[in-house]
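Below, chains carry the letters A, B, ... as their sequence lines are ordered, and counting in each starts from 1.
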Amino acid sequence: MNEGVIRDGWAFVWAAYAVSALILTGYATSVFLRYRSTRRKHEQVKP
Amino acid sequence: MAQGKLPHCSVALGALLLAWGSVWGLFYAPAETYMGDVQRIMYVHVPTAWNGMLALTAAFVFAVISLWKGGLAWDSRLEGALEVGVVLCTLLCMQGAIWAKPTWGVWWDWDPRLTTTAVLVFAFGGILALRQFVDDPVKRATWSAVAAIIAFADVPIVYFSVRWWNSLHQVQSTPATVSRAFHWPLRINAFGILFLMCGLIALRARLAALRREEETAPPLPAAVPHGSGLAQGMVP
C-alpha cells in the first residue's frame, strides 16, 4: 500500500517543465522573429 | 537604457528568473509530504495561472480604454495582451493535465475550474481568430474590445470556481496557503513569468502597431512603364 502518498512522479515533473520551456521559448522566439521581420519590411517601405 | 530595448530586457530578465526559480524548485526545495516530487509542478503551474489571468485582465483594461478613447494604439496593446494571455492559459491547461494524471488518475475532468478555464481559452482564442476576419481596423478594434469585455466575465468565475462549487481542484495556492519552504521558488518563478509576460505583450503590441501602419498606409504609386516618356520626366 502507498498510504495515499504519490511515489516516482519525476516523469510528470520533467514533462511539465519541458512543455513549459518549449511553449514559452517557442512563443517568445516567434514574437521576436515576427517583430524583426515586420520592422525590417517597414523600414524598407518607409521613404 | 533606450526605451526601445526595454521589452527585450524584460524578457531576458524573466527568462533568467524563471530558470533560477525552476532549478530551486526542482533540486533544492523539499518534496511535499503526500504528493512527493509531483508537487514541484506547482512552481510553474501556479505562476502561469496568476500571470495568465493578469494578462487577460490587462486585455480587459486595454479593451475598456480602447472603447473609451477610441485610439488604435490601445487596440495594438489589446492584441498583445490577448495573444500572450491565450498562450499562458493554454500552457496552464497542459501543465494542469500533466499534474492531474498522477494525482487524480485522469488527464482531464469536467470539473468547474478546468471547464471554466477551457471556456476562457476558447473565448479569448476566438477573439484572436475573429480579428483575422475583419479588414477594417476601426471595426476590428471595436468588435474585439467589446468581445474581450464580455469574455472577461469568465475570469472571476475561474478564480472563484473552486470556492463556489464542490471542485476536484484544490483552492488557490498562494504563499499564505503553502509551506514556507515552497515560497521562494514560487515567488521567483511568478516574477520570472511576470517579466516575460510584460516584455512579450509590449513586443507583440509593437508588432501589431507596425502591421496596422502597413494596412492603413496609402498605396504606393504605380510603376511607370520604361520608355514611356514619363520615366524621363517629360510632361505628356
Problem - B:Trp184 atom CH2, neighbour heavy-atom count above 12 within 6.0 Å - result: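 Check fails, neighbour count at 12 or below.
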Exercise for the section: Count the heavy atoms belonging to other residues, nucleotides or ligands that lie under 6.0 Å from CG of B:Asp136, then report whether that count exceeds 12. Expected result: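 Yes, CG of B:Asp136 has more than 12 neighbouring heavy atoms, counting only those of other groups under 6.0 Å.
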Quick check: closest heavy atoms across [X] and [Y], and the distance to 0.1 Å?
{"X": "A:Trp10", "Y": "B:Asp37", "answer": "NE1-OD2, 2.7 Å"}
{"X": "A:Tyr17", "Y": "B:Arg40", "answer": "OH-O, 2.7 Å"}
{"X": "B:Ile98", "Y": "A:Phe12", "answer": "CG2-O, 3.2 Å"}

Exercise for the section: Please name the residue in the list B:Leu91, B:Leu88, B:Thr90 that meets the side-chain contact (heavy atoms from CB on, under 4.5 Å) test with A:Ile23. Expected result: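 Per the side-chain contact (heavy atoms from CB on, under 4.5 Å) rule, the option paired with A:Ile23 is B:Leu91, out of B:Leu91, B:Leu88, B:Thr90.
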Handout entry: Partner of B:Leu210 under side-chain contact (heavy atoms from CB on, under 4.5 Å), chosen from A:Glu43, A:Arg39, A:Lys41, A:Arg34
Key =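 Of the listed residues A:Glu43, A:Arg39, A:Lys41, A:Arg34, the side-chain contact (heavy atoms from CB on, under 4.5 Å) partner of B:Leu210 is A:Arg39.
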Exercise for the section: Under 4.5 Å, heavy atom to heavy atom: which of residues 117-130 of chain B reach chain A? Give them by number, or say none. Expected result: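 Residues of residues 117-130 of chain B touching chain A at under 4.5 Å: none.
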Handout entry: Contacts with chain A made by residues 190-204 of chain B (heavy-atom distance under 4.5 Å), listed by residue number
Key =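 Answer by number: B:Leu196, B:Leu200, B:Leu203, B:Arg204.
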Checking [X] against chain A: side chain, backbone, both or neither under 4.5 Å from a heavy atom?
{"X": "B:Thr33", "result": "backbone"}
{"X": "B:Met94", "result": "side chain"}
{"X": "B:Gln39", "result": "neither"}
{"X": "B:Val44", "result": "both"}

Problem - Distance, nearest 0.5 Å, that separates OG1 of A:Thr38 from CZ of B:Arg206 - result: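 Reported to 0.5 Å precision, the distance equals 13.0 Å.
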Practice task
Starting at NE2 of A:His42, measure out to CG of B:Leu207 and round the result to the nearest 0.5 Å.
Solution key: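 Result: 11.5 Å between the selected atoms.
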Problem - B:Leu18 side chain near A:Leu24 side chain, heavy-atom distance below 4.5 Å - result: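 Yes - at least one pair of side-chain heavy atoms lies under 4.5 Å apart.
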Handout entry: Residue, of B:Gly36, B:Ser22, B:Ala19, that accumulates the most heavy atom pairs under 4.5 Å with chain A
Key =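 Result: the option with the highest number of such pairs is B:Ser22.
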